[in-house]
Amino acid sequence: SSITCAGDFTTSGGLLGASCLELDSSNTEYVQIADDAKLDLPSSSNEITIECWFKSGDGDNAQYIFDRRTGDNQYYMYLVDSDDTLAAKVYTDGTTNELSSSPLDIIDDKWHHAALVYDQDGDKTGTTYNHQLWIDGKMVDGEAGTGAIAASASMLLIGARNGWTTYMNGAIDEVRLWSVARTGTQI
């Protein structure tokens, strides 16, 4: 599969972020990954974990870390600069709501870890699902969702929102997409 990068981003040094994406929202820098059947594996397992490291000191009102939605919705995560929170959602053919942290002082130019999880409850019967948002190893919001994860024909953007002029102003590193639900201990 091909990966298209837009803008003139650079890498930086350090233990974390040695080869991270340094994104400048004013230059509309982001990574675009074309739609591929492998991106829909979570819809067949009905479990997903998307995690990454990010840092941001300032920027637009909404700074998108990742987004995979246009007409076909699957998932997204973004920083809300106006109130210093993180918001995210996994779409299903049932019900899930946007998860959001309380104000956490995470737009502070320091590295933070974020994870978005949707999974069948421990009994794997397919009747109860957990939809969770994690920051720095702590679950900050969660709900009991319903339904199967929606498949999508959308591209995956890292550092931007599909169809909008909303970009990340900061750095993103170690983005991982799992077709399993990682536990709190693993996160």
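Here, residue 1 is the first one in the sequence, and each next residue gets the next number. Bear in mind the structure is a predicted one, so any value in this text is a computation, not a measurement.
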field: Closest heavy-atom pair and its distance - Ala171, Cys20
entry: CB-SG, 3.9 Å

- prompt: What closest approach, in Å, do Gln74 and Ser43 show between heavy atoms, and which atom pair accounts for it?
  reply: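 Answer, listing the atom of Gln74 first, then Ser43: NE2-CB, 4.4 Å.
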
Got a sec, which residues hit side-chain hydrogen bond (donor to acceptor under 3.5 Å, both in side chains) with [X], two or more places apart in sequence or on another chain?
{"X": "Asp84", "answer": "none"}
{"X": "Tyr78", "answer": "Glu98"}
{"X": "Thr85", "answer": "Asp83"}

query: Hey, is Arg68 close enough to Asp35 for a salt bridge, meaning N to O under 4.0 Å?
result: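 A salt bridge is present here (some side-chain N lies under 4.0 Å from a carboxylate O).
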
message: So that I can tick it off, tell me whether Asp36 and Lys38 are bridged by a salt bridge, with the cut-off set at under 4.0 angstrom between side-chain N and carboxylate O.
response: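 The answer is no: the pair does not qualify as a salt bridge.
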
Verify same cluster id: [X], [Y] (apolar side-chain graph, 4.5 Å):
{"X": "Val175", "Y": "Trp134", "result": "no"}
{"X": "Met168", "Y": "Leu177", "result": "yes"}
{"X": "Ile50", "Y": "Val117", "result": "no"}
{"X": "Ile187", "Y": "Phe54", "result": "no"}
{"X": "Tyr64", "Y": "Val80", "result": "yes"}

- request: Verify side chain to side chain contact (heavy atoms under 4.5 Å, CB included) between Ile158 and Ile65, making sure each step is shown before the conclusion.
  value: CA-CA 6 Å; Ile158 299 172; Ile65 297 173; 5.7 Å; no

Out of curiosity, [X] [atom1] to [Y] [atom2], how far, rounded to the nearest 0.5 Å?
{"X": "Asn73", "Y": "Asp93", "atom1": "CG", "atom2": "CG", "result": "12.5 Å"}
{"X": "Ser44", "Y": "Leu41", "atom1": "OG", "atom2": "CG", "result": "5.0 Å"}
{"X": "Asp67", "Y": "Tyr75", "atom1": "CG", "atom2": "OH", "result": "9.5 Å"}

Do the side chains of [Y] and [X] get nearer than 4.5 Å, heavy atoms only?
{"X": "Leu133", "Y": "Met77", "answer": "yes"}
{"X": "Leu116", "Y": "Thr49", "answer": "no"}
{"X": "Tyr76", "Y": "Lys89", "answer": "yes"}
{"X": "Ile172", "Y": "Trp53", "answer": "no"}

message: Going by side chain to side chain contact (heavy atoms under 4.5 Å, CB included), name the residues that satisfy it together with Ser102, two or more places apart in sequence or in a different chain.
response: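 Side chain to side chain contact (heavy atoms under 4.5 Å, CB included) list for Ser102, sorted by chain: Leu104.
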
[X] side chain to [Y] main-chain N or O, any donor-acceptor pair under 3.5 Å?
{"X": "Gln63", "Y": "Tyr167", "result": "no"}
{"X": "Glu29", "Y": "Asp24", "result": "yes"}
{"X": "Thr92", "Y": "Thr146", "result": "yes"}
{"X": "Ser56", "Y": "Asn169", "result": "yes"}

Polar side chain donor-acceptor pair, Ser152 to Ser154, under 3.5 angstrom: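 Distance-only check passes for Ser152 and Ser154.
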
field: Stepwise side chain to side chain contact (heavy atoms under 4.5 Å, CB included) test for Val90 and Ile48
entry: CA-CA 9 Å; Val90 174; Ile48 190 171; 4.0 Å; yes

message: Let's go through Tyr91 and Ile149 carefully: what are the C-alpha distance in whole Å and the side-chain angles of both, what is the deciding distance for side chain to side chain contact (heavy atoms under 4.5 Å, CB included) to 0.1 Å, and is it a yes or a no?
response: CA-CA 6 Å; Tyr91 286 87; Ile149 296 172; over 6 Å; no

message: Quick one, Val31 with Leu157, criterion side chain to side chain contact (heavy atoms under 4.5 Å, CB included). Give me CA distance, side-chain angles, the key distance, then yes/no.
response: CA-CA 6 Å; Val31 173; Leu157 295 184; over 6 Å; no

Side-chain donor-acceptor pairs of residues 136-144 under 3.5 Å, sequence neighbours excluded:
residue : atom : partner : partner atom : Å
Asp136  : OD1  : His113  : N            : 2.8
Asp136  : OD2  : His112  : ND1          : 2.7
Asp141  : OD2  : Ser100  : N            : 2.9
Glu143  : OE1  : Asn97   : ND2          : 2.9
Glu143  : OE2  : Asn97   : N            : 2.7
Glu143  : OE2  : His131  : ND1          : 2.8

field: salt bridge (charged side-chain N to carboxylate O under 4.0 Å, His left out) against Arg182, all qualifying residues, sequence neighbours excluded
entry: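 Arg182: salt bridge (charged side-chain N to carboxylate O under 4.0 Å, His left out) contacts with Glu51.
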
